[in-house]
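One structure is given below, encoded as structure tokens.
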Amino acid sequence: MAERWPGAFPLLVRGDWGAAEPSPALRKKLLCYFKSQRRSGGGECELRSGTATGDLLVCFAQPEVKQQVLERQSHQLYLGEKGVLKFIVTEPETALAAEGEAFEETLVPTKALDAMGNLQTKGKMLPITLCADSS
């Protein structure tokens, strides 16, 4: 089977390394973890910054390797005296879709809209009922 470029099959990695991205030393340890078949189920990969602060993408060269990592129930990295770092590995689309749904749920009109009666959102026309202000 031909080797593909490492970024072809990404997974989103989220962990408790603070609000900012992991330090260079921690990134190196994470990379070694995901390259280890024995420790993570992984293989040839590279780490990239995710779309949100603190998120990482681990990008695998082969889809089978990505699937093996995804199927692991838990991921943790032993950091010696600092203890154990647990982290979550998901499909990027799944995580982004969940965030998008949560974001859309918070978009609730709180004031009366103009007399047009329709709000255009993401190319869709949504009907709106205007209410009289009781104040």
Side-chain angles (χ1 to χ4, degrees):
M1 182 175 197
E3 189 76 15
R4 297 191 182 177
W5 59 279
F9 304 99
L11 289 174
L12 183 65
V13 180
R14 291 182 171 163
D16 189 19
W17 41 70
E21 289 196 14
S23 67
L26 181 54
R27 285 179 69 103
K28 184 175 181 177
K29 288 180 182 185
L30 286 165
L31 182 61
C32 290
Y33 172 83
F34 284 114
K35 284 187 173 188
S36 171
Q37 167 68 35
R38 182 182 59 81
R39 293 168 63 199
S40 69
E44 183 61 35
C45 64
E46 64 183 24
L47 284 180
R48 297 181 184 171
S49 296
T51 55
T53 303
D55 287 353
L56 291 176
L57 290 175
V58 58
C59 303
F60 293 97
Q62 301 199 353
E64 303 84 22
V65 175
K66 171 188 168 181
Q67 193 59 38
Q68 289 171 357
V69 172
L70 195 55
E71 288 173 358
R72 292 258 171 144
Q73 293 299 315
S74 69
H75 291 277
Q76 54 189 17
L77 187 60
Y78 297 98
L79 300 175
E81 293 177 8
K82 294 182 181 179
V84 177
L85 174 67
K86 295 182 179 182
F87 44 95
I88 299 169
V89 178
T90 59
E91 290 277 2
E93 298 83 21
T94 304
L96 293 175
E99 287 175 3
E101 288 172 8
F103 180 71
E104 286 178 17
E105 289 173 6
T106 62
L107 292 177
V108 178
T110 57
K111 296 188 180 199
L113 299 174
D114 62 29
M116 289 177 49
N118 286 323
L119 174 67
Q120 185 174 3
T121 306
K122 294 184 181 180
K124 297 179 183 176
M125 298 298 283
L126 301 174
I128 297 176
T129 304
L130 297 176
C131 301
D133 192 2
S134 60
S135 55

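- Using a distance-only test at 3.5 Å, with no hydrogens or angles considered, a donor-acceptor pair links the side chain of S40 to the main chain of S36.
- The CD atom of Q67 sits 13.5 Å away from the CD atom of Q62 when rounded to the nearest 0.5 Å.
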Salt bridge (charged side-chain N to carboxylate O under 4.0 Å, His left out) between K66 and E91: does it pass, once the steps are laid out?
CA-CA 10 Å; K66 171 188 168 181; E91 290 277 2; 2.9 Å; yes
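- Scanning all heavy atoms of the two residues, the minimum distance from G42 to F60 falls at CA-CE2, 4.1 Å.
- Put simply, the side chain of L47 does not reach to within 4.5 Å of the side chain of L57, judged on heavy atoms.
- You'll find the side chain of C59 reaches within 4.5 Å of the side chain of P10, heavy atoms only.
- Between L11 and F34, the closest side-chain pair of non-hydrogen atoms is not below 4.5 Å.
- The backbone N or O of S23 lies less than 3.5 Å from no partner atom in the side chain of W17, so there is not a single donor-acceptor pair.
- Scored by the salt bridge (charged side-chain N to carboxylate O under 4.0 Å, His left out) test, R27 finds E21 as partners (sequence neighbours excluded).
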Using the side chain to side chain contact (heavy atoms under 4.5 Å, CB included) rule, take L30 and L56 through it: C-alpha gap first, then chi angles, then the decisive distance, then the call.
CA-CA 10 Å; L30 286 165; L56 291 176; 3.7 Å; yes
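- Remark: R48 engages E46 in a salt bridge, criterion side-chain N to carboxylate O under 4.0 Å.
- Here the CZ-CZ distance, from R14 to F87, works out to 14.5 Å after rounding to the nearest 0.5 Å.
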Throw together a table of side-chain donor-acceptor distances under 3.5 angstrom for residues 73-84, partners on residues two or more places apart or in other chains.
unit_1	atom_1	unit_2	atom_2	d
H75	ND1	Y33	OH	2.7
H75	NE2	V69	O	3.0
Q76	NE2	Y78	OH	3.0

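- No path of Ile, Leu, Val, Met, Phe, Trp and Tyr side chains, each step under 4.5 Å between heavy atoms, connects I88 with L31, placing them in separate hydrophobic clusters.
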